[in-house]
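Letters A, B, ... mirror the listed sequences (proteins, then strands); counts begin at 1.
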Amino acid sequence: MASNEFQPLQGMSDIQAPEIHVWRMMEERARALFNSYGFEELRTPVLEKLSVFQRSLGDTTDVVKKEMYSFKPSKHELAMRPEGTAGTIRHLAGRGEEGLNARVFYIAPMFRYERPQAGRKRQFHQVGVEATGEPNPLADAECIALQKGLLDSWGLTGSKIQLSTRGEPSDRQPVVDGLRAALQPFENALCEDCQRRIDENVLRVIDCKNESCKKIVDQIPSAIEFMSDASRAYLDQVVGALDKMGIEVTVNPKLIRGLDYYVHTVWEISHSALGAQDALAGGGRYEIALGKKAVPGVGFAVGFERAIMALEACGVTADQFAPKGGVWLVSLGEAALAENMKLAAQLRAKGIRCGMELAAKSMKAQMRKANRVGADSVIIRGDDEIEKGVAMVKDMAEGSQKESTIEEILRDA
RNA sequence: GUGAUUGUAGCUCAGUUGGUUAGAGCGCCUGGUUGUGGUCCAGGAAGUCGCGGGUUCGAAUCCCGUCUUUCACCCCA
């Protein structure tokens, strides 16, 4: 058990072998998939001006209001990014015309000061994409398809996609007014939080987990019904396009996504293996105004920590991706040790995974090590072999071994 | 931020109402005739009992504080 001084901060963790192998698998497959869709990688700084997040996520949202790591080292108040979209759009907005029609992805750590639990870290990691461009239901559908493809590429099964719409910006007020009016008669029956939410953030009443609130919400019209015909048609087109691609989604008007920048399509992907924190990915269409420029786009993010939990439930575990195979060199005597150092370098130069014991250990110990690292073959050299310029090559699976010259070994490697 | 919860060898965990040198399994190390792994057998190393304080003749065990884990709320990926 590590004592305190060796522990990372609360809610942060060191990611090491063997877990790291599933992380790398996910990253590699994500990069390959994004490449096939024509997305370029973008790495933005962890630190941004606080205003980047305030203006895009909304300065009344919990993420901005109470969960940010922010500080003021000089003139500007800074914050560590709590999500990837704001910084990405900050960057794209600066690229002018081409930034308004860009396809980028990121794989990066994010920071939120929350009470940690499994699948909710203070430093957590997301893979996400942003595709900027005017609202287009096909772009939204393609984004969801890409996200689904990403989960598939990892072997993540059993997730559910829930879809809804925020409508156009001009729908906001009618929705808020409509919901307030509809909830008015039930106000006293709502939970304490919801009575407050009616005025502060009426959308939050819709996804309240309180049973009696749920019953009331079931009786009133959904938010979508207060939106314009155009907004509803947009949603229908997204659903239609997804259906053509064979992607199953559930339209859930009660799905609420908190960040202010969302317009039109919003969605969330959940997995039953995750408990109450069951959302492992989300996404939506947005319009983010930075300065005079409003950047429209659509994007998604997937949380690594949560996706990994879901993957474990699917039987996808880190040790399946641990590096194995290669060659292990066994040295008997000082001369062999020196010669094997040279041979190892030659094999490694050919890209072969190659290991050896650098201390004088018994053959038994060296063989055990070879077995443990999963070597396919072992090359054994002692004084006799060095003198003759040969080595014993043992196949670990079969247990057979034969003598080869070093030239042969290097040639066949 | 609210209310709970966890912490004993590298890992998973035992440890009875406070009582000698804190245990197990797995892993690790060393042997089991000369230079041969995975199975088996024998032996061995390894623990500030999260940390700090207190109560007591005596604390892994009781009390307080603190850090950390997990769970729910909240929020979100």
Side-chain angles (χ1 to χ4, degrees), chain A residues 1-13 16 18 57 61-68 82-85 108-128 147 151 159 191-193 196-197 201 204 207-210 255-259 266-271 274-284 299-310 328 330-333 336 359 361-385 391-401:
Chain A
M1 185 27 144
S3 69
N4 287 348
E5 52 261 68
F6 305 128
Q7 277 178 2
L9 293 169
Q10 182 178 25
M12 310 210 170
S13 26
Q16 58 169 344
L57 312 194
T61 57
D62 279 14
V63 170
V64 168
K65 225 168 44 181
K66 10 186 246 204
E67 296 174 1
M68 288 239 274
E83 54 88 81
T85 303
M110 308 293 166
F111 303 83
R112 289 185 199 175
Y113 190 81
E114 299 181 272
R115 283 281 287 269
Q117 62 194 65
R120 185 165 81 172
K121 298 279 182 196
R122 286 180 173 176
Q123 175 177 336
F124 60 105
H125 301 76
Q126 290 187 336
V127 48
Q147 190 174 23
L151 302 185
S159 62
C191 72
E192 243 176 74
D193 284 336
R196 183 172 46 77
R197 285 174 180 141
N201 190 350
R204 283 277 160 231
D207 68 348
C208 181
K209 282 175 189 156
N210 187 300
L255 174 71
I256 301 300
R257 312 238 340 134
L259 307 181
V266 290
W267 67 89
E268 203 166 278
I269 304 183
S270 58
H271 198 280
L274 267 48
Q277 315 288 320
D278 68 347
L280 66 92
F300 71 69
V302 181
F304 269 84
E305 286 82 356
R306 290 189 190 177
I308 288 168
M309 289 169 76
W328 189 262
V330 169
S331 328
L332 299 157
K361 292 253 189 165
S362 74
M363 183 161 191
K364 186 178 187 132
Q366 294 188 63
M367 290 300 293
R368 256 203 292 265
K369 192 76 182 281
N371 189 60
R372 197 161 51 237
V373 302
D376 294 322
S377 59
V378 170
I379 295 173
I380 304 162
R381 288 206 286 181
D383 291 340
D384 294 351
E385 285 84 2
M392 298 305 297
V393 180
K394 176 164 184 167
D395 183 302
M396 289 298 272
E398 289 180 20
S400 61
Q401 81 183 35

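Between K66(A) atom NZ and C73(B) atom P the separation is 14 Å, expressed in whole Å. The interatomic distance linking D278(A) (CG) with C75(B) (C1') rounds to 13 Å, in whole Å. Between Q10(A) atom CD and U5(B) atom P there is a gap of 17 Å when expressed in whole angstrom units. Spacing between atom NZ of K121(A) and atom P of U68(B) amounts to 12 Å, rounded to whole angstrom units. Following rounding to the nearest Å, E192(A) (CD) and C73(B) (C1') show an atom-to-atom distance of 14 Å. When the P atom of A77(B) is taken as reference, atom CD of E67(A) falls 10 Å away, rounded to whole Å. Atom CD1 in I269(A) sits about 10 Å away from atom C1' in A77(B), given to the nearest Å. Atom OH in Y113(A) sits roughly 19 Å away from atom P in C76(B) (whole-Å rounding).
The closest donor-acceptor contact from the side chain of E305(A) to the backbone of H125(A) lies under 3.5 Å. A donor-acceptor pair under 3.5 Å is absent between the side-chain atoms of R112(A) and the main chain of V63(A), judged by distance alone. In this structure a side-chain-to-backbone donor-acceptor pair under 3.5 Å is present from Q366(A) to K361(A). Between the R122(A) side chain and the M12(A) main chain, no donor and acceptor come within less than 3.5 Å of each other. In this structure, the side chain of R381(A) does not engage the main chain of A391(A) through any donor-acceptor pair within 3.5 Å.
Within 4.0 Å (heavy atoms only), E83(A) reaches no atom of the nucleic acid at all. In this structure, A370(A) reaches neither bases nor backbone, as no heavy-atom distance under 4.0 Å exists between it and the strands shown. Counting any heavy atom pair closer than 4.0 Å across all strands shown, A365(A) reaches sugar-phosphate atoms only and no base atom. No engagement by G284(A) is indicated, since no non-hydrogen atom pair under 4.0 Å with the nucleic acid exists. Residue-level contact check: G119(A) touches the bases, meaning some heavy atom is under 4.0 Å from a base atom. Using a 4.0 Å heavy-atom distance criterion, K361(A) is classed as a sugar-phosphate-only contact. Q126(A) comes within 4.0 angstrom of a base, heavy atoms only.
Residue ring and base: F124(A) counts as stacked with A77(B) (centre distance below 5.5 Å, interplanar angle below 30°).
Taking atom P on both nucleotides, U68(B) is separated from C26(B) by 35 Å, rounded to a whole Å. One C1' atom belongs to C13(B), the other to G52(B), and the distance between them is 26 Å to the nearest Å. The gap from the P atom of G10(B) to that of C51(B) amounts to 13 Å, rounded to the nearest Å. Comparing A46(B) with U30(B), their P atoms are spaced 16 Å from each other, to the whole Å.
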Bracket notation of RNA chain B in which parentheses pair within the strand, [ ] cross earlier pairs, and | pairs with another strand (Watson-Crick or G-U, under 3.5 Å): ((((..(..((((.....[...)))).(((((.......))))).....(((((..]....))))))..))))....
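A distance of 13.0 Å separates OH of Y113(A) from NZ of K66(A), quoted to the nearest 0.5 Å. The CD atom of Q126(A) sits 5.0 Å away from atom CE of M110(A), with the distance rounded to the nearest 0.5 Å. Atom-to-atom distance recorded for E192(A):CD and R196(A):CZ is 9.0 Å, nearest 0.5 angstrom.
Not a single donor-acceptor pair, N or O on each side, falls under 3.5 Å between the base of C71(B) and the side chain of R120(A).
The listed nucleotides are A77(B), C76(B), C74(B); the one nearest the side chain of A281(A) is A77(B). Across U2(B), U68(B), C74(B), the shortest atom-to-atom separation from the side chain of Q7(A) is found for U68(B).
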Summarise protein proximity over nucleotides 33-46 of chain B in one line of letters, 5' to 3': B for base, S for sugar-phosphate only, - for none, counting protein heavy atoms closer than 4.0 Å. --BBBB--------
